[in-house]
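Data first, discussion second: the structure below is written as structure tokens.
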Amino acid sequence: MSQEAQDIQDSTTAIVAESAPDAKTRRYDRQLRLWAASGQSALESSRVLVIAGTATSTSVLKNLVLPGIGHFTILDPLEVTPEDAGNNFFLEGPSSIGKSRAEEAVRLLCELNDGVDGKADKRSLEEVLENDKEWLSDFTIVIAHNLDPKLLQRLSEYLWSDTTFPPLVVVRSAGFLAEFYIQYHEHSVIESHSETTPSLRIDKAFPALLDYATTLDFENMDVTDHGHIPYVVILVRVLEDWKKAHNGLPPQTYAEKKEFKQGIMAMRKKSDEENFEEAEAQAYRSWTATTVPSEISELFDDPKVKSVTPSSPPFYHLVNALAKFVQEQPSHTLPLSSTLPDMKASTSAYIHLQTLYKRRAEEEKAAFKSYLQVPIAEDMVDAFVKNSHALKLLRGKQWGAVDKDGAALVKGGEVAPKELSVHLALSALSSVIDKSQPGAPLTPTVEALTEEAQALLPGGASLPDDFDNAVGEVARAPTADLPNVAALLGGLVAQEVIKMITKQYIPIHGYCTIDLVDAWTGTLKLSDLKP
């Protein structure tokens, strides 16, 4: 083996040895690709309270324990019944009957991940609300399945009474129908993982990029190098030349845009230069103005952003600084992202372009930080600047607020009639339960459920056409917690809980409804429910 080959082998071996993943990284490898170390850290720091150890509740927890939440508590005073043993995979069949439902579920769930702490609490929710309701605020998020309507209302009101209290996930199911809703005051998302890519700022090239593109000698360049010029550089150069001949304006009309593209293709030295084909395909970036997205501009006008105080949450301070950056920096754009898309280019040309973008991005990040009024963690600043084009601020409503607004429900029926039908049927069931005698068998009729659903709507309003199917299923199986429905709900609810905990991706903003008779899911969005 030559000395050069030996050096390469030694270097490669050293790199592999130094970067070998630890046990935790290997265990959580796939999910780390979704929400990275910051998201995993948030999960491992979380404390989840689940009220009622039902089949659905344990299915939700299974999908939270496996990715590694820090702690969960099941609050449930009941013992395992034969019905529980028949539909809950996290009970040991007949041997669990008569034992604490919370303790049995916790014991078996903890076997899934030894890094997660689980606890069973055999108190009733009513006891907690009467004597120890402050305990509820110790959790990151609270999940409740098929609670008694009166207790659910009390729980909802308490958790809504303070903006610092945890979000509440309300899950309701009956037979093959189900829905869930997340109650929260505000939820800010920095890492939304938007499919919208940040601007490359071709129309507003920063000085170093403009200088590089305009001084590159296209004419006398080697043919191989010419075929590997990044399309970003080509577009900046062609746009600059175009502006000089058109009073500083980019292409305006269809004819001008067509002429612009023809000018790009005319620069080729060979007919198969893919980089120029890429430049032609991406030419729209040259005449598309780099502006601040409307959703981000709306955040700048938010009263909480305009009037930040030292005690304001970091998100508002970051948006406040961003508004000042956009207003006062010469480009009047969002901070530049150093992330470049893949493109046809030589390694050296791509690295040089990437270096230009990274250097400029660091300069603009430093300028952005100068507008911050309070110290904020560096990693949060980095994430914010990187994702400033796709920030989200969601504002929610208290659980049950929509059902008190008949006009909003009618509006929702116009946009999403099937979803509203499921919601009305489940709400009608809650109303029937609320009026029933404690401990009495629950056997609601279609007529009783229809009457309760109709009462939620304003006078003269009709129930959606799909309501008959939904109410029929609820009347057939008002208390059935079916394993297949529980399994699907477990995945859906856990996914949204993870979004809330990690503050990554955009959670469902409204009611997520499920109909496994016809096999569909849908969302009754809060924006659909504005009368």
Side-chain angles (χ1 to χ4, degrees), residues 48 50-67 72 74 76 78 80-97 101-102 104-109 111-113 143-147 169-182 416 418-430 433 442-444 446 449 466-499 508 511-524:
V48 177
V50 172
I51 303 173
T54 62
T56 294
S57 296
T58 54
S59 289
V60 173
L61 275 173
K62 181 259 291 185
N63 290 292
L64 294 174
V65 169
L66 286 173
F72 72 91
I74 296 180
D76 192 338
L78 301 180
V80 177
T81 64
E83 290 78 9
D84 293 325
N87 71 356
N88 193 331
F89 291 129
F90 288 95
L91 296 173
E92 288 188 318
S95 64
S96 290
I97 295 174
R101 193 162 66 166
E104 284 291 279
V106 167
R107 177 175 63 84
L108 294 167
L109 283 164
E111 291 181 2
L112 297 175
N113 191 337
I143 305 168
H145 176 238
N146 279 2
L147 284 190
V169 183
V170 179
V171 187
R172 301 193 296 189
S173 63
F176 286 106
L177 302 185
E179 73 170 10
F180 66 90
Y181 177 90
I182 309 175
K418 290 198 302 182
E419 290 81 354
L420 181 64
S421 296
V422 172
H423 172 71
L424 287 174
L426 292 171
S427 291
L429 177 61
S430 293
I433 294 172
L442 185 61
T443 55
V446 168
L449 291 168
D466 297 284
F467 179 77
D468 288 345
N469 293 331
V471 75
E473 175 60 15
V474 170
R476 183 190 72 83
T479 61
D481 189 11
L482 304 178
N484 52 349
V485 179
L488 178 64
L489 264 178
L492 292 174
V493 174
Q495 172 181 274
E496 299 307 309
V497 169
I498 288 172
K499 291 177 185 178
I508 284 175
Y511 294 89
C512 178
T513 57
I514 297 100
D515 180 344
L516 290 188
V517 176
D518 292 329
W520 59 264
T521 64
T523 305
L524 191 60

query = Under 4.0 Å between a Lys/Arg side-chain N and an Asp/Glu carboxylate O for Arg101 and Asp84?
reply = yes
message = Out of the candidates Thr513, Thr521, Thr523, only one should pair with Glu419 under the side chain to side chain contact (heavy atoms under 4.5 Å, CB included) rule; please name it.
response = Thr513
inquiry  = If I compare all heavy atoms of Pro478 with all of Ala174, which pair ends up nearest, and what's the gap?
reply    = O-CB, 3.7 Å
ask   = Is there a donor-acceptor pair closer than 3.5 Å between any side-chain N or O of Asp481 and the backbone N or O of Thr56?
value = yes
message = I'd like to know if the side chain of Glu473 reaches the main chain of Phe176, judged simply by a donor and an acceptor atom lying under 3.5 Å from each other, with no hydrogens or angles considered.
response = yes
message = My understanding is that only residues two or more places apart in sequence, or in another chain, count here; which of them pass side chain to side chain contact (heavy atoms under 4.5 Å, CB included) with Leu108?
response = Phe90, Glu92, Glu111
request  = Could you please spell out the steps behind the side chain to side chain contact (heavy atoms under 4.5 Å, CB included) verdict for Leu516 and Leu482?
outcome  = CA-CA 11 Å; Leu516 290 188; Leu482 304 178; over 6 Å; no
Val422 backbone acceptor or donor facing Glu179 side chain under 3.5 Å = no
remark   = What one should report as the nearest heavy-atom pair of Ile514 and Leu489 is CD1-CD2, 3.8 Å
Smallest separation among heavy atoms of Ala486 and Ser59, with atom names = O-CB, 3.2 Å
ask   = Are the side chain of Asp76 and the backbone of Gly53 linked by a donor-acceptor contact shorter than 3.5 Å?
value = yes
Minimum heavy-atom distance Val65-Leu109, with the two atoms named = CG1-O, 3.6 Å
message = Ignoring hydrogens, what is the shortest heavy-atom contact between Ala55 and Thr58? Give both atom names and the distance.
response = O-OG1, 3.0 Å
inquiry  = How close do Ala475 and Pro444 get, counting heavy atoms only, and between which atoms?
reply    = CB-O, 3.9 Å
